[in-house]
There are 2 protein chains.
Amino acid sequence: MITRFETYLRTHTSLSDEDIERIASAAMPRSLRRNELLLQQDQVCRYKTFIINGLLRTFGRVADGSEYILQFSPENSWALDAESYDRETPSVFNIAAVEQSELLLWNKADFDRLLTDIPELQALSRQLISRSNYSSRQRLFTALSATSEEKYEDFTRTFPHLLARLPLHLIAAYLGISLKTLTRIRHAQLHR
Amino acid sequence: MITRFETYLRTHTSLSDEDIERIASAAMPRSLRRNELLLQQDQVCRYKTFIINGLLRTFGRVADGSEYILQFSPENSWALDAESYDRETPSVFNIAAVEQSELLLWNKADFDRLLTDIPELQALSRQLISRSNYSSRQRLFTALSATSEEKYEDFTRTFPHLLARLPLHLIAAYLGISLKTLTRIRHAQLHR
DNA sequence: TAGAAATATGGTCAAATGACCACTTTTCCC
DNA sequence: GGGAAAAGTGGTCATTTGACCATATTTCTA
């Protein structure tokens, strides 16, 4: 289980075996059942989370109770509410499991120490943050400018591997369109 | 002119006079007329830019030529395409002046040196990047979840000082709605 | 394995939105 | 100062979208 994480580190960095071992051993394993929450809004996000297998979603709720998804985090990726984690303030978002998932958690104190002690982990961390920021910027632009159909096509292009694992209403919540609109788009694409 | 930037640094950091002087003297002044471009898509973003006065917009174009605005940068803020600047790759976005503007530019080599030499500048830089990321995340959520009217109200709440300086079609391009819809919202709010 | 819950699709209707056009007022710049 | 461009508003109509409802199918789980 932890081996998967070690493999991830080995393929994404050139960290020494000792460092990898040190990072991995600071983690707490956790599993999440389908729909179980990892982080609830109004709580502080206390952990940096690596997904070993399964699939998480980060989402927010609006006044009427409906949910909109900011991000999906499949195996070999990370999940956290960065603002809440960094500033130790209550989160406005939630993180929950879409599928039964296996996770590794680090609390902030431990992870910060690893970051200061292991420069290459810091480099990886920065790289991940940057990439995530570039892609949210791109996503914001798509959200502003694309039609519903373009948004769906963009999604299928960008995350082909997630398509089959997600119920349509979650894809709709990610695209910011109604389930009805999404079904219509799919229907129209069939007859072409 | 450069004094304004020095004042900015003094109120946002506790940098020494020497450091402030060093940072300021590495900058190139530049002015931009209304609608003049600072960065054009397909070009590499070579400068970190501080806005002394005036107002910039960062925007992208879609196939049909219409524009959508990612960000406004008024005086005492910064503008750049982070992804293009960091990776020295062609930008997909443009930056242009909404009003006649006075800027300070640093090229990457110079600014990187300042960052390594002056830890507190690095701290400020990190803080600015983080804040910008938190707010784009929040903005993405609004773009996904809010109605046109809610988006406009959110905008007036968040940027009351920009309202009077911006023509409506630029606000519409920022909200990702048509000018017509924006006019309708304003019309409806009058009769209430 | 049976019942319950989740999922996918479709129909209908009303509301929201955008495209296109016209007109007036304001602002800009030569 | 004056002509041109930009900005703001409004009308109309077609399209898109969402809300609500129903139903068939699949999946989950007790």
Side-chain angles (χ1 to χ4, degrees), chain A residues 31-36 54-55 57 59 62-69 72 96-101 142-153 155-156 162-192, chain B residues 31-36 54-55 57 59 62-69 72 96-101 142-153 155-156 162-192:
Chain A
S31 29
L32 238 48
R33 281 164 305 168
R34 224 169 100 78
N35 291 324
E36 199 178 349
L55 178 57
R57 66 187 230 268
F59 63 100
V62 287
D64 72 356
S66 51
E67 299 177 350
Y68 293 86
I69 296 172
F72 292 114
V98 174
E99 307 168 355
Q100 139 81 30
S101 303
T142 305
L144 291 178
S145 66
T147 64
S148 297
E149 183 166 7
E150 288 163 349
K151 285 175 193 166
Y152 177 63
E153 278 168 358
F155 183 84
T156 59
L162 289 185
L163 263 184
R165 294 167 71 178
L166 289 168
L168 290 187
H169 72 269
L170 291 186
I171 297 179
Y174 180 89
L175 300 179
I177 64 180
S178 73
L179 174 57
K180 178 76 196 183
T181 300
L182 181 52
T183 315
R184 276 183 185 129
I185 291 167
R186 288 162 55 89
H187 178 85
Q189 291 187 342
L190 278 184
H191 299 278
R192 237 190 264 163
Chain B
S31 26
L32 236 49
R33 280 165 305 169
R34 223 169 102 79
N35 291 322
E36 199 179 349
L55 178 58
R57 66 187 231 267
F59 64 99
V62 287
D64 73 355
S66 51
E67 300 178 349
Y68 293 86
I69 296 172
F72 292 114
V98 175
E99 307 168 354
Q100 141 78 30
S101 303
T142 305
L144 291 178
S145 66
T147 64
S148 296
E149 183 165 7
E150 289 163 349
K151 286 176 193 165
Y152 177 63
E153 277 168 0
F155 183 83
T156 59
L162 288 186
L163 263 184
R165 294 166 70 177
L166 289 168
L168 290 186
H169 73 269
L170 290 186
I171 297 179
Y174 180 88
L175 300 179
I177 65 180
S178 72
L179 174 57
K180 178 75 198 184
T181 301
L182 182 52
T183 316
R184 276 184 185 126
I185 291 168
R186 288 162 56 91
H187 180 84
Q189 290 187 341
L190 278 183
H191 300 279
R192 235 191 263 159

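Only a predicted model underlies this, so the values are computations on that prediction, with no experimental measurement involved. To find a chain, count down the sequence lines: A is the first, B the second, and so on, and within it residues start at 1.
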For the residue pair [X] and [Y], establish whether any side-chain heavy-atom pair is separated by less than 4.5 Å.
X        : Y        : value
A/Ile171 : A/Leu162 : no
B/Val62  : A/Glu150 : no
B/Phe72  : B/Arg165 : no

### Task
Please determine if a side-chain N or O atom of A/Thr181 lies less than 4.0 Å away from the OP1 or OP2 oxygen of D/dT16.
no
### Task
Compute the angle between the rotation axes at the two ends of the helix from C/dT1-D/dA30 to C/dC30-D/dG1, each taken over five pairs, rounded to 10 degrees.
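One end axis against the other gives 60°.
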#### Entry: Closest-nucleotide 5' rank along DNA chain D - winner of B/Leu170 and A/Gly176
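Nearest nucleotide further toward 5': that of B/Leu170.
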With a 3.5 Å cut-off and sequence neighbours excluded, list the donor-acceptor pairs that the side chains of residues 173-180 of chain B form with protein atoms.
from: B/Tyr174; atom 1: OH; to: B/Arg139; atom 2: NE; distance (Å): 3.4
from: B/Ser178; atom 1: OG; to: B/Thr181; atom 2: N; distance (Å): 3.1
from: B/Ser178; atom 1: OG; to: B/Thr181; atom 2: OG1; distance (Å): 3.0

Under 3.5 Å, which N/O atoms of the protein pair with N/O atoms of nucleotides 3-8 of chain C?
from: C/dA8; atom 1: OP2; to: A/Leu168; atom 2: N; distance (Å): 2.6

### Query
Among all residues two or more places apart in sequence or in another chain, which pass the side chain to side chain donor-acceptor pair (under 3.5 Å) test with B/Glu67?
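For B/Glu67 the side chain to side chain donor-acceptor pair (under 3.5 Å) partners, ignoring immediate neighbours, are B/Arg57, B/Arg61.
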### Message
Under the rule for side chain to side chain donor-acceptor pair (under 3.5 Å), what residues qualify as partners of A/Thr183, not counting sequence neighbours?
### Response
none
### Task
Would you confirm whether A/Arg33, through its side chain, and A/Ala97, through its main-chain N or O, come within 3.5 Å as a donor-acceptor pair?
no
### Task
Could you tell me whether B/Ser148 contacts a base, only the sugar-phosphate backbone, or nothing, with contacts defined as non-hydrogen atoms closer than 4.0 Å?
sugar-phosphate
Is there any protein nitrogen or oxygen under 3.5 Å from a nitrogen or oxygen in nucleotides 19-26 of chain D, and what are the pairs?
none

### Task
State the CD1-CG distance between A/Ile69 and B/Leu144, to the nearest 0.5 angstrom.
9.5 Å
